[in-house]
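Note that the structure is a prediction, hence the values are computed from the model and not measured.
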Amino acid sequence: MLRIGFSAVVLLSVVAGLVLAGAGLSRGETGLVVIGAVWVLFGLLCSISVAKLWSR
């Protein structure tokens, strides 16, 4: 159950980062694009590291 919950939170975080980056692109604001991209990368890194821990 915990894995499903964490996966859902990470997925929502990645989607939120993509939405933020998309909003930045549509407005032409580089700051939003960078923040969104960093948010997505952080979410992906968290999911990879936790997946490695759970696979042990």
Side-chain angles (χ1 to χ4, degrees):
M1 188 71 171
L2 181 64
R3 290 182 187 186
I4 294 171
F6 182 78
S7 298
V9 168
V10 168
L11 180 63
L12 285 174
S13 175
V14 170
V15 169
L18 289 173
V19 168
L20 191 61
L25 281 175
S26 68
R27 293 182 180 188
E29 296 184 18
T30 311
L32 283 178
V33 175
V34 171
I35 291 171
V38 168
W39 197 334
V40 168
L41 288 175
F42 181 72
L44 290 176
L45 287 175
C46 283
S47 67
I48 290 170
S49 63
V50 170
K52 285 184 179 180
L53 286 174
W54 281 339
S55 67
R56 292 182 181 183

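- Other members of a hydrophobic cluster containing V9 are absent, since no ILVMFWY side chain comes under 4.5 Å of it, directly or through relayed contacts.
- Across all non-hydrogen atoms, the minimal contact from A21 to A37 is CB-N, 4.4 Å.
- Counting all heavy atoms, side chain and backbone alike, V14 lies closest to V40 at O-CG2, 3.5 Å.
- Nearest heavy atoms, V10 versus S47: CG1-CB, 3.5 Å.
- Heavy atoms only, all atoms of each residue included: A16 and W39 are closest at CB-CZ2, 4.3 Å.
- Residues meeting the side-chain contact (heavy atoms from CB on, under 4.5 Å) test with V19, sequence neighbours left out: V15.
- Of the candidates V38, L25, L20, V33 forms a side chain to side chain contact (heavy atoms under 4.5 Å, CB included) with just one, namely L25.
- We find the CZ-CD1 distance between F42 and I35 to be 14.5 Å, quoted to the nearest 0.5 Å.
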